[in-house]
Amino acid sequence: MNITIFEDLDKLYKKAADTFVDLSKKSIEKNDKFVVALSGGSSPKAIFNLLATPGYAEKIEWNKVYFFWVDERWVPLDDDKSNAKMTFEALLNKVPVNKDQVFPMYKEGIAPEEYAKDYEQQIRKVLGPDGIFDFILLGMGDDGHTASLFPGENVLDEKEKWVSAYYLKPQEMFRITLTAPLINKADNIVVVAFGESKRHALNEILNGEYNPKLYPMQLIEKKAGFQFFTDEKAGG
């Protein structure tokens, strides 16, 4: 596993954006498309803002990029809690993407559990039966969760589904998420997690006993193509 500790966050964001550009070029050259799954939160937003700047945006063939999400709160797309809304505002509305190649993790008038099935079919239509994303961007919570794979939830035991939706009682809302088996298929995964609040969970994930029910990030396989970007406060 490749762990990089950055001395300042601007360098971390730049490395993440550079990685996105480099992988897009390699994937498009190989398969004529670049299929990604993105996370929400403040860290990805900073990366998306950077990708939208002319210096980065001009390096990417946006019409060949397919956008999925790693997870989502089950809220309308115009809700401030929506990961998709943030991504559109920070990136997708600023670059020439093909809107038919953007797949938000929410649909009005359908139950979240049913849309999880639909979302899996959308992924299969783009990626085929193997379901291998070119790139997945993940974050990590202070409790060691990633995507909507929260400690103690039944979704952590999922072995077959690619997408799952469930009611998260502590947040009193539905969440929809890619599952660990699908995430682990990806050719490239970048996890961005930094700050003092992440230190304990990061230490347990990297050095502690294997206990994914308590630290779900441990479900994500540390293999070739997996990179962890952190800072000295979290991983020094």
Side-chain angles (χ1 to χ4, degrees), residues 1-20 37-51 69-75 79-87 89-91 105 135-156 166-180 183-184 186 189-222 226-236:
M1 182 175 65
N2 186 352
I3 304 174
T4 306
I5 299 174
F6 293 86
E7 60 185 24
D8 71 69
L9 296 183
D10 286 341
K11 292 181 179 179
L12 185 156
Y13 298 144
K14 185 177 185 302
K15 178 61 175 178
D18 289 342
T19 300
F20 187 99
L38 304 177
S39 293
S42 58
S43 304
K45 183 178 181 179
I47 297 167
F48 300 157
N49 283 331
L50 195 53
L51 287 171
W69 273 261
V70 169
D71 75 318
E72 185 62 276
R73 302 172 184 87
W74 192 253
V75 295
D79 191 297
D80 287 340
K81 297 185 181 71
S82 168
N83 290 335
K85 179 185 179 184
M86 181 276 288
T87 309
E89 291 178 347
L91 176 63
M105 237 179 185
F135 173 71
I136 293 180
L137 178 64
L138 294 175
M140 186 190 78
D142 297 351
D143 58 359
H145 86 267
T146 192
S148 284
L149 307 177
F150 285 89
E153 298 295 333
N154 291 336
V155 68
L156 302 178
Y166 68 99
Y167 189 75
L168 185 60
K169 289 183 180 179
Q171 295 185 4
E172 297 183 339
M173 69 188 313
F174 278 93
R175 306 284 300 223
I176 182 169
T177 185
L178 304 187
T179 63
I183 293 171
N184 283 328
I189 296 172
V190 169
V191 181
V192 175
F194 53 81
E196 182 68 33
S197 64
K198 314 283 186 180
R199 176 182 279 273
H200 175 74
L202 180 55
N203 183 59
E204 290 295 329
I205 288 160
L206 298 179
N207 304 311
E209 294 183 7
Y210 185 71
N211 186 2
K213 277 288 190 179
L214 187 58
Y215 299 104
M217 177 59 79
Q218 290 181 332
L219 289 171
I220 309 306
E221 296 172 4
K222 317 305 186 286
F226 181 103
Q227 299 185 76
F228 208 115
F229 294 168
T230 187
D231 67 349
E232 294 176 353
K233 292 181 179 178

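Residue numbers start at 1 and run along the sequence shown.
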Report yes or no: does [X] contribute a side-chain atom to a donor-acceptor pair with the main-chain N or O of [Y] at less than 3.5 Å?
X	Y	answer
S39	L137	yes
N49	K45	yes
N184	E221	yes
Q227	T4	no

Using every non-hydrogen atom in the two residues, find where [X] and [Y] come nearest and quote the distance to one decimal.
X	Y	result
L149	T179	CD2-CA, 4.5 Å
I136	A186	CD1-CB, 3.7 Å
L12	T230	CD1-O, 3.8 Å
K198	A234	CB-CB, 4.1 Å
A147	T177	CB-OG1, 3.4 Å
G40	M86	CA-CE, 3.7 Å

**Prompt:** Parallel, tilted or perpendicular for F229 and F6, by the 30°/60° rule?
**Reply:**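 The rings of F229 and F6 stand perpendicular, inter-plane angle above 60°.
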When rounded to the nearest 0.5 angstrom, what is the spacing between [atom1] in [X] and [atom2] in [Y]?
X	Y	atom1	atom2	answer
L156	Q218	CG	CD	11.0 Å
L138	T146	CG	OG1	4.0 Å
Y210	L219	OH	CG	4.5 Å
W74	R175	CH2	CZ	13.0 Å
W69	I176	CH2	CD1	12.5 Å
E209	L214	CD	CG	11.0 Å

**Request:** Run the salt-bridge test on D10 and K14 with the 4.0 Å N-O cut-off and return the result as yes or no.
**Result:**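 K14 and D10: not salt-bridged.
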Check whether any side-chain heavy atom of [X] lies under 4.5 Å from a side-chain heavy atom of [Y], and answer yes or no.
X	Y	result
Y166	N154	no
S82	R73	no
K222	F228	no
H145	Y215	no
V191	F226	yes

**Item:** Heavy atoms of other groups near N207 CG, more than 12 under 6.0 Å
**Value:**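 More than 12 within 6.0 Å, yes.
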**Prompt:** So with a 6.0 Å cut-off around NZ of K213, is the heavy-atom count from everything else above 12?
**Reply:**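 Count over threshold, so yes.
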**Message:** Would K85 and D79 count as a salt bridge (Lys or Arg N to Asp or Glu O under 4.0 Å) here? Give the steps.
**Reply:** CA-CA 7 Å; K85 179 185 179 184; D79 191 297; over 6 Å; no
**Request:** For the pair F20 and I47, evaluate side chain to side chain contact (heavy atoms under 4.5 Å, CB included) and give the outcome as yes or no after the intermediate values.
**Result:** CA-CA 9 Å; F20 187 99; I47 297 167; 5.9 Å; no
**Asked** Would N83 and M105 count as a side chain to side chain contact (heavy atoms under 4.5 Å, CB included) if you check the C-alpha gap in whole Å, the side-chain angles of each, and the deciding distance to 0.1 Å?
**Response** CA-CA 9 Å; N83 290 335; M105 237 179 185; over 6 Å; no
